[in-house]
Amino acid sequence: MESEQLYHRGYCRNSYNSIASASSDEELLDGAGIVMDFHTTEDDNLLDGDAASPGSNYAMSNGGGAASSSTHLLDFLEEPIPGVGTYDDFHTIDWVREKCKDRERHRKINSKKKESAWEFTKSLYDAWSGWLVVTLTGLASGALAGLIDIAADWMNDLKEGVCLSAMWFNHEQCCWTSNETTFDERDKCTQWKSWAELILGQAEGPGSYIMNYFMYIYWALSFAFLAVCLVKVFAPYACGSGIPEIKTILSGFIIRGYLGKWTLMIKTITLVLAVASGLSLGKEGPLVHVACCCGNIFSYLFPKYSKNEAKKREVLSAASAAGVSVAFGAPIGGVLFSLEEVSYYFPLKTLWRSFFAALVAAFVLRSINPFGNSRLVLFYVEYHTPWYLFELIPFILLGVFGGLWGAFFIRTNIAWCRRRKSTRFGKYPVLEVILVATITAVVAFPNPYTRQNTSELIKELFTDCGPLETSALCKYRSEMNGSTAYTDNPNQPAGPGVYSAMWQLCLALIFKIIMTIFTFGLKVPSGLFIPSMAIGAIAGRIVGIAMEQLAYYHHDWFLFKEWCEVGADCITPGLYAMVGAAACLGGVTRMTVSLVVIVFELTGGLEYIVPLMAAIMTSKWVGDAFGREGIYEAHIRLNGYPFLDAKEEFTHTTLARDVMRPRSSDPPLAVLTQDDLTVEELQGIINETSYNGFPVIVSKESQRLVGFALRRDITIAIENARRRQEGIMLNSRVYFTQHAPTLPADSPRPLKLRSILDMSPFTVTDHTPMEIVVDIFRKLGLRQCLVTHNGNVLGIITKKNILEHLEELKQHTEPLAASWYRHKKRYPSSHGSNGKPRSRVHHVQLIRSFQDGWGGGGGCNEEGEQEEEDEEVCLLKGTDL
């Protein structure tokens, strides 16, 4: 009967197998309706006093007894146990333990490599495996980026027409071999037919315009609908940018399936569809997710990385650099982006491998040449005109605009995403995508600057006017011999075409600002780099043309008199567009050094570093005046991911005892004694509490700390012992000491669990300032830290406790904080908002934000009606640290 009870309470073979089988990051959550049930409470902290341990009043036997005979000793844990040391989904890894495992593996390889040629070969393979995996990642990232670029260009042109000679050609490729194109109308040829020509047989007139309008909307809605359906049905994790989740994963969090093969395939397909639909989004951010998926998949080919979560994150850091490298054609900028923006742990060898991965990815993309211009990006430009000192004034003004735009976008987008999560509108993601795509297509088609691909728009805005340019932005007026003509020389007064284009750009700017706010966060792959750059480029081009005309008509002003002579080309409007694009992107993401290098690699000129630095730093300062969080940090906070931002300063004067659990009003701390528990008692503690680990003490009287044991490791060890050794019963003694306690002769065999005990857990005293504790958690990547007083255990601080503490401090210091948080009645973490104890065991529904409407981007959505305690602290619900 006891064995049957033990079986039903979780220590069965199936429960162990389910834990062991979930240890791979390649496990896929491949359905929109998948619900994974874990018998844990929503409080994912390890020991926060959520419930009292039933073993808190057990008497302690003599822990220093002599060892019993060998027939009574079960020391099976001297050998490694499968599953011990692995992590469940939505848990945080132990960086210290992972680094110790890697050092032990390295020492073992070095000690054996001189024994035989085979061992020496294995050591070489281990040493070169890091370079091999980043090489494969770079190759795959470059190939997929080239495929995405080619497919997106073709499908984007499909909205306007089709090439009759070769359907797989886009508009530009279709007219390459035509002899009927003219210089002014180089995009018109008989091989390319618009939909009005194919359906109505006429290219001009109101009827053809309406038909092209209708087909544009039809294809846009078709692409958007197909993209959101594929994401919802096959890979919910394929939506969004992916950079907030990549940052969280690189900080040590486990999100299984997020970097799996299924996510990679669906993300690649739907990214093409989303970009081709004309939505105000880009493919640069999702390319980082695609590259990290490649790095995660290839890491499983090498045991060095597949069995160590910390080492795997070194590969992911290199993969993120490769993703930015192929997104912008900027290998060095990609490395700096990985270092500055996404990586949590970035040793020197990871820097070298990131550079190599970015180099390989850029080489592969250059070999594919997806844009036909021998460049890695569509909007690569080169300027040949120097900038002058007085231009720093408009450059700084563009930086101010970028900072204001970034602060405005972050606040409005987060407010909209929060509303999406808290209303029924978020339960219909397909309808939302269709609605946004319809509005975008209907409004975008009449304006040529919003109708075209956003990357092509940026290219046109960046490009300076010259003899080969036919854009309306280059229609300047030239008066010769009393007659008026129009020329592409920018040293002339602007003609009607330029003024008309500026009005269209102003309307495009308003349109892009509004639609980007509502588009970022939809359940389709959506990047933010290109829309932000487009907004800045539009604003910059407008400012550049205005400065150009001021210099022409008022060349005798003191600003222009020294540098601008009559007829001299002293203003480059394309340069202003580039500076504005960098400023707006910096205002949204708060990137600095990496952004300067990325834009520098786009232009290929060192001469414009100073204007870029001035604009980007100004945008960051202005944006930080309204809030120090970038858009990715804001979405991490919104979705409740356990991420400690290293850039955030902790300036408060609280102590460890103010944050630790349990608090004075909480139940006592649940602990294990080192040699006084039976299997049944240990089973009761595990089943009746939700903690992820337990401090092990000498006795109930002394409370002296011995070590720390994880709940998962205890469960796996007991199950493994029951499978491998007979004699383990419910009344078997469990001990964590080196020698077994003295037991009666008729007692069952004891169970030694010393091998799973962490003998050196991190501890702080109760008077340690929280500033130091937070710094320790950030730099060492801790999951938990025990709080002691004179060697006695008082409580525990987990990563979640720190995040909740920081959230509480922000709510008290930020004037725009939600009023419901400041004025709520506070209860212990073991109780709900109504003061009643929370249920100890319930089913946690994971990835709820990706089911039945997905809740608007992940987080704490509860079927449209949230309980008050779920709304109180959205951080880390359904996760365990």
Side-chain angles (χ1 to χ4, degrees), residues 25 36 38 40-48 50 86-98 237 240 242-259 309-310 312-313 316 342-345 421 629-630 632-648 650 659-661 690-693 710-712 762 770 773-785 796-811 829 844 846-849 855 857-861 870 872-881:
D25 272 343
M36 300 181 63
F38 289 88
T40 58
T41 67
E42 67 268 26
D43 290 321
D44 56 329
N45 50 318
L46 303 173
L47 289 169
D48 61 354
D50 191 63
T86 58
Y87 305 95
D88 284 325
D89 198 8
F90 294 94
H91 280 58
T92 303
I93 70 171
D94 190 334
W95 286 89
V96 177
R97 182 168 68 172
E98 296 298 305
Y237 284 153
I243 293 182
E245 288 77 13
I246 296 297
K247 286 171 66 78
T248 307
I249 291 173
L250 288 177
S251 71
F253 196 56
I254 301 288
I255 307 179
R256 304 206 184 281
Y258 197 83
L259 302 177
E309 293 291 341
K312 185 185 298 180
R313 275 147 182 79
L316 298 182
V342 299
S343 293
Y344 195 84
Y345 173 67
K421 292 161 65 69
E629 285 184 336
Y632 300 128
E633 290 79 13
H635 272 271
I636 287 174
R637 183 179 173 188
L638 174 68
N639 293 334
Y641 297 138
F643 181 78
L644 276 175
D645 192 0
K647 304 174 186 176
E648 188 175 356
F650 188 89
V659 182
M660 73 175 189
R661 301 294 192 274
S690 62
Y691 314 132
N692 200 39
L710 293 176
R711 175 197 193 97
R712 175 186 175 88
F762 280 87
M770 278 304 297
V773 176
V774 172
D775 205 33
I776 291 174
F777 269 81
R778 284 172 177 165
K779 294 183 176 180
L780 295 180
L782 299 184
R783 305 176 74 190
Q784 71 278 325
C785 182
I796 190 171
I797 298 176
T798 66
K799 197 173 183 179
K800 177 191 173 180
N801 300 144
I802 291 180
L803 290 168
E804 288 180 340
H805 182 62
L806 294 175
E807 186 71 15
E808 291 176 2
L809 294 176
K810 284 182 180 179
Q811 299 298 336
S829 59
V844 178
L846 299 178
I847 63 169
R848 182 183 298 276
S849 60
C860 306
N861 209 33
D870 295 328
E872 177 183 352
V873 179
C874 182
L875 283 169
L876 309 179
K877 183 174 183 293
T879 65
D880 285 305
L881 303 182

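Position 1 is the first residue of the sequence; numbering continues from there.
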To the nearest 0.5 Å, tell me how far [X] [atom1] sits from [Y] [atom2].
X: Arg778; Y: Asp645; atom1: CZ; atom2: CG; answer: 7.0 Å
X: Ile93; Y: Thr86; atom1: CD1; atom2: OG1; answer: 12.5 Å
X: Met660; Y: Gln784; atom1: CE; atom2: CD; answer: 15.5 Å

Is there a donor-acceptor pair under 3.5 Å between the side chain of [X] and the backbone N or O of [Y]?
X: Asn639; Y: Tyr641; result: no
X: Arg711; Y: Gly693; result: no
X: Asp88; Y: His91; result: no
X: Glu804; Y: Asn801; result: no
X: Tyr87; Y: Asp94; result: yes
X: Lys799; Y: Phe777; result: no

Next on the checklist: Set out, in order, the CA-CA distance, both residues' side-chain angles and the distance that settles side chain to side chain donor-acceptor pair (under 3.5 Å) for Thr798 and Arg661, then state yes or no.
Outcome noted: CA-CA 9 Å; Thr798 66; Arg661 301 294 192 274; over 6 Å; no
Checklist entry - Under the side chain to side chain donor-acceptor pair (under 3.5 Å) criterion, do Glu245 and Tyr632 qualify, and how do the steps go? => result CA-CA 9 Å; Glu245 288 77 13; Tyr632 300 128; over 6 Å; no
With a 4.5 Å cut-off on side-chain heavy atoms, are [Y] and [X] touching?
X: Tyr345; Y: Lys779; answer: no
X: Ile254; Y: Thr92; answer: no
X: Leu644; Y: Leu806; answer: yes
X: His635; Y: Ile243; answer: no
X: His805; Y: Val774; answer: no
X: Leu259; Y: Leu316; answer: yes
X: Trp95; Y: Leu780; answer: no
X: Leu803; Y: Phe643; answer: no

Checklist entry - Does Arg313 pair with Glu309 as a salt bridge, N-O distance under 4.0 Å? => result yes
Checklist entry - Do Glu807 and Lys800 sit within salt-bridge range, that is, some charged N less than 4.0 Å from a carboxylate O? => result no
Checklist entry - Which atom pair, heavy atoms only, marks the closest approach of Pro642 to Thr248? => result CD-CG2, 4.2 Å
Item to check | Nearest non-hydrogen partners of Tyr258 and Ile249, listed with the distance | outcome: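 Result for this residue pair: CD2-CD1, 3.9 Å.
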